[in-house]
Amino acid sequence: MIDPFGRTISYLRVSVTDRCDLRCVYCMAEDMTFLPKRDLLTLEELDRVCSAFVELGVRKLRITGGEPLVRRDIMTLFHSLGRHLKTGKLDELALTTNGTQLAKFAGALVDAGVKRVNVSLDTLDPGRFRTITRWGDHARVMNGIQAAKDAGLKIKINAVALRDVNDDEFNDMVAWCGREGFDLVFIETMPMGDIDGDRTDQYLPLSLVRARLAEKWSLEPIPDNTGGPARYTRCRETGGRVGFITPLTHNFCESCNRVRLTCTGTLFMCLGQEDAADLRTPLRRAESDAPLSAAIHEAISRKPKGHDFVIDRRHKRPSVGRHMSVTGG
Ligand code: SAM
Ligand code: SF4
């Protein structure tokens, strides 16, 4: 699949639920209204859509949410998608999770063919973790991370950089990830969805984070070929990789290789745009995948050149109305 700007689409991210067992302050309001369960694609339907994308050339699938591991029977989907790894049609089946259920599922994920997981963790301090997630249990996530490591999964920690919230512990996080053998990626807050607060207060440009880290660590840029917005460095002192995702700069759109599917079967061609395609109707129209494949091709032909994110004091509204938990980041 090649879009109008010559980009090959080889990566699908799938949000399998909009629900979550946490309420991170930058991601959700405390009182969220979730989709009625009947609106969700079934696990069989999610498998069908993902498999159609694989047939059309997608080489990497990432399961995300909401919190993907709170969806009932989710391991069934991982196991069925794992068959594409065995045939060689798929290079990677990955997961982004908040880690609360990892202790329970790490072994099953490995059995399904998952090799790496991204775990979101913004702080090493239990009290702070509770504040950021509104009620999360830090020890539970740390146990989950340990279980994933013990099961042989490669781990990448995603940390959202929040002004005056966690910006005094980034050195500690670099050191901890270095010791544990985890990659660490810092993320800038993105203006998505209403969140009971003002995002300009949270926003911390990663240029500043990187400059502060450079006072303590030697961060050497390394090439990155994921086609994503992360820019990677190697920390000479720890040997670990430290990445920076700066969604508000445009410099990654030209190499964007991904599209995003929601749990209701809506395909977003860009994280930062409202335009979307309905795949649920063609999916349910026929047993054959022909209408679905046609709808996917039509959607890819509309993939926009880049996003329209803006965070500043004149734009108090989110530039994209849906929450990150709808498309999974
Ligand atoms: N629940 C899982 C988790 O937390 O990893 C998967 C879904 S979560 C929406 C995916 C990633 O998006 C997390 O790393 C989270 O920190 C990030 N995220 C959520 N809202 C964000 C926002 N407004 N700006 C930047 N990153 C955000
Ligand atoms: Fe849940 Fe992940 Fe959003 Fe936090 S970032 S509220 S864990 S979906």
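As the structure lists them, so they are numbered: ligands from 1, and atoms in each ligand from 1. We use all heavy atoms of the structure for the numbers below, so side chains are in, but hydrogens, waters and symmetry mates are not.
Between Glu67 and ligand 1, at least one N/O pair is under 3.5 Å apart. Backbone and side-chain nitrogen or oxygen atoms of Thr96 are examined, and none is located within less than 3.5 angstrom of a nitrogen or oxygen of ligand 1. Between Thr64 and ligand 1, no pair of N/O atoms sits closer than 3.5 Å.
With Phe170 as the fixed residue, the side-chain contact (heavy atoms from CB on, under 4.5 Å) test singles out one of Leu184, Val209, Val242: Val209.
Which parts of ligand 1 touch Cys27 is read off a 4.0 Å heavy-atom cut-off, strictly below it: atoms 19 (C), 20 (N). Ligand 1 places these atoms under 4.0 Å from at least one heavy atom of Thr97: 2 (C), 3 (C), 5 (O). The contact set between ligand 1 and Asn98, taken as ligand atoms under 4.0 Å from a residue heavy atom, comprises 2 (C), 3 (C), 4 (O), 5 (O). Heavy-atom contacts of Val160 reach the following atoms of ligand 1: 16 (O), 26 (N) (cutoff under 4.0 Å). Atoms of ligand 1 found under 4.0 Å from any heavy atom of Thr189, numbered from 1 in the order shown, are 24 (N), 25 (C). When each atom of ligand 1 is checked for a heavy atom of Asn158 under 4.0 Å away, the hits are 14 (O). Less than 4.0 angstrom separates some heavy atom of Glu188 from each of these atoms of ligand 1: 24 (N), 25 (C).
When only non-hydrogen protein atoms are considered, atom 6 (S) of ligand 2 lies nearest to Cys24 N, 3.2 Å. Among all protein heavy atoms, the one lying closest to atom 2 (Fe) of ligand 2 is Cys20 SG, 4.5 Å. Protein heavy atom in closest approach to atom 3 (Fe) of ligand 2: Cys27 SG, 2.4 Å.
When the heavy-atom distances from atom 6 (C) of ligand 1 to Gly99, Ser120, Gly66 are ranked, the shortest goes to Gly66. For atom 7 (S) of ligand 2, the nearest non-hydrogen atom from the set Asn98, Val25, Asn158, Asp21 comes from Asn98.
Atom NZ of Lys60 is surrounded by more than 12 heavy atoms from other residues, nucleotides or ligands within 6.0 Å. Residue-environment remark: CZ (Arg59) exceeds the threshold of 12 foreign heavy atoms within 6.0 Å.
The pair Arg241-Asp183 meets the salt-bridge criterion, with a side-chain N (NZ, NE, NH1 or NH2) lying under 4.0 Å from an Asp/Glu carboxylate O. Salt-bridge formation is detected for the pair Glu298/Arg302: a Lys NZ or Arg NE/NH1/NH2 atom is positioned less than 4.0 Å from an Asp or Glu carboxylate oxygen. A salt bridge is absent between Glu254 and Arg7; no separation between the charged side-chain nitrogens and carboxylate oxygens falls under 4.0 Å. Using a 4.0 Å cut-off between a side-chain N of Lys or Arg and a carboxylate O of Asp or Glu, Glu92 and Lys115 do not qualify as a salt bridge.
Remark: distances from the non-hydrogen atoms of Met28 to ligand 1 are all 4.0 Å or more.
For the residue pair Arg280 and Thr266, no side-chain donor N or O sits within less than 3.5 Å of a side-chain acceptor on the partner.
A donor-acceptor pair is defined here as one N or O able to donate and one able to accept, closer than 3.5 Å; no such pair exists between the side chain of Asp172 and the backbone of Glu169.
A cation-pi arrangement is absent between Arg258 and Tyr11 under the rule of less than 6.0 angstrom and at most 45 degrees off the ring axis.
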